Amino acid sequence: MIVAQRKKIPEILEIVKEHKNVLVLGCGTCVTVCLAGGEREVSIISSALRIASKKSGKYIKFNEFTIERQCDNVFIEGAAEEIRKNDAVLSLGCGAGVQSIAERYPDKPVYAGLDTAFLGILESRGVWTEKCAQCGACLLADFGGICPVTRCAKHLLNGPCGGSREERCEISPDQPCAWQMIYKRLKDIGETDKINKLYPMKDWSKSLDGGCRIIIREDHRI
Ligand code: SF4
Ligand code: SF4
């Protein structure tokens, strides 16, 4: 899922300071799971913003609404009336959600209330870790399901850097060495022969191609 975290209240207040009525718009999917932008967070952030704006002497009315997914026009439509009634939208969706709303309402200022961080998983209560850099050409089949692009600090595809000590990463000793994990995993599943495969430099053209990537599923088009 997409993992994001809330911007600080003073930063948000600075962003919306020119408006009188601001819709704090939550998203009920990824950012709800990572406790950044669901209905509960909309309520908490709106309350904090009301207090902060009152204290600043320039009162802004913050209205609350949450939809199922901000990155899907079908659900955005459900917020049409609320968006219309307010001067601006403070989206608590991920970057894709913010842009969806902005595209849908070209005359309405739409601001990001979250910092979108990465694609990751819930590791333990309150802890999320990055697992995929969305490179556009997945290599997991060769690496025992452990991504060296994301989890090796040097993004190495052909074995470890040699700096690992006691199975920790040379760059970030608080993290395990991704290549130690890859080797152990390949050994456990009987696929150590894959370690001998030599990879050329990663072809980033599938990812950083100077524009946004588009996936079209012809079988789903109407
Ligand atoms: S190889 Fe690429 S697509 Fe696959 S998990 Fe790693 S970054 Fe994500
Ligand atoms: S110690 Fe391991 S994870 Fe860290 S940079 Fe070197 S190979 Fe990558």
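All ligand and atom numbering here is 1-based and tracks the order in the structure. What you see is a predicted model, and the numbers here were worked out from it, not measured in a lab. Keep in mind that the numbers below use all heavy atoms, side chains included, and drop hydrogens, waters and symmetry copies. Along the sequence shown, residues are numbered consecutively beginning with 1.
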Chemist: Can you tell me if NZ on Lys194 sees more than 12 non-hydrogen neighbours from other groups inside 6.0 Å?
Modeler: yes
Chemist: Hey, which atoms in ligand 2 end up nearer than 4.0 Å to a heavy atom of Pro160?
Modeler: 7 (S)
Chemist: Would you say Glu81 has more than 12 foreign heavy atoms packed within less than 6.0 Å of its CD?
Modeler: yes
Chemist: Looking at every heavy atom in both Gly120 and Val3, which two are closest together, and how far apart are they?
Modeler: N-CG2, 4.0 Å
Chemist: Is it the case that over 12 heavy atoms from other parts of the model lie below 6.0 angstrom from the OH atom of Tyr105?
Modeler: yes
Chemist: Closer than 2.8 Å to atom 8 (Fe) of ligand 2: does that hold for any N, O or S atom in Cys152?
Modeler: yes
Chemist: When the ring planes of Trp179 and Phe143 are compared, do they come out parallel, tilted or perpendicular, using 30° and 60° as the limits?
Modeler: perpendicular
Chemist: Name the closest protein heavy atom to atom 5 (S) of ligand 2, giving the residue it belongs to and the distance to 0.1 Å.
Modeler: Lys154 CG, 3.5 Å
Chemist: Of the protein's non-hydrogen atoms, which lies at the shortest distance from atom 3 (S) of ligand 2, and what is that distance?
Modeler: Ala178 N, 3.3 Å
Chemist: For atom 7 (S) of ligand 2, what is the closest protein heavy atom, and at what distance to 0.1 Å?
Modeler: Cys161 N, 3.3 Å
Chemist: Tell me whether Lys184 at atom NZ has more than 12 heavy atoms from other residues, nucleotides or ligands lying less than 6.0 Å away.
Modeler: no
Chemist: What residue and atom, counting heavy atoms only, is the protein's closest point to atom 4 (Fe) of ligand 2, and at what distance?
Modeler: Cys169 SG, 2.4 Å
Chemist: Distance to 0.1 Å, residue and atom name: give those for the protein heavy atom nearest to atom 2 (Fe) of ligand 2.
Modeler: Cys177 SG, 2.4 Å
Chemist: Using a 6.0 Å cut-off, check whether atom NZ of Lys108 has over 12 heavy atoms from anything other than its own residue.
Modeler: yes
Chemist: Tell me if the CD atom of Glu39 is crowded by more than 12 foreign heavy atoms within 6.0 Å.
Modeler: no
Chemist: Check the surroundings of atom CZ in Arg40: do more than 12 heavy atoms from other residues, nucleotides or ligands lie under 6.0 Å from it?
Modeler: no
Chemist: Just to confirm my output: which protein heavy-atom neighbour is closest to atom 1 (S) of ligand 2, and how far is it?
Modeler: Glu170 N, 3.2 Å
Chemist: Below 2.8 Å, which protein N, O or S atoms neighbour atom 4 (Fe) of ligand 1, ignoring water?
Modeler: Cys138 SG
Chemist: So if I count the atoms of ligand 2 from 1 in the order they appear, which ones are less than 4.0 Å from some heavy atom of Ser164?
Modeler: 1 (S)
Chemist: Evaluate Glu191 against Arg185 for salt bridge (Lys or Arg N to Asp or Glu O under 4.0 Å), listing each step before the verdict.
Modeler: CA-CA 8 Å; Glu191 293 186 1; Arg185 170 84 174 142; over 6 Å; no
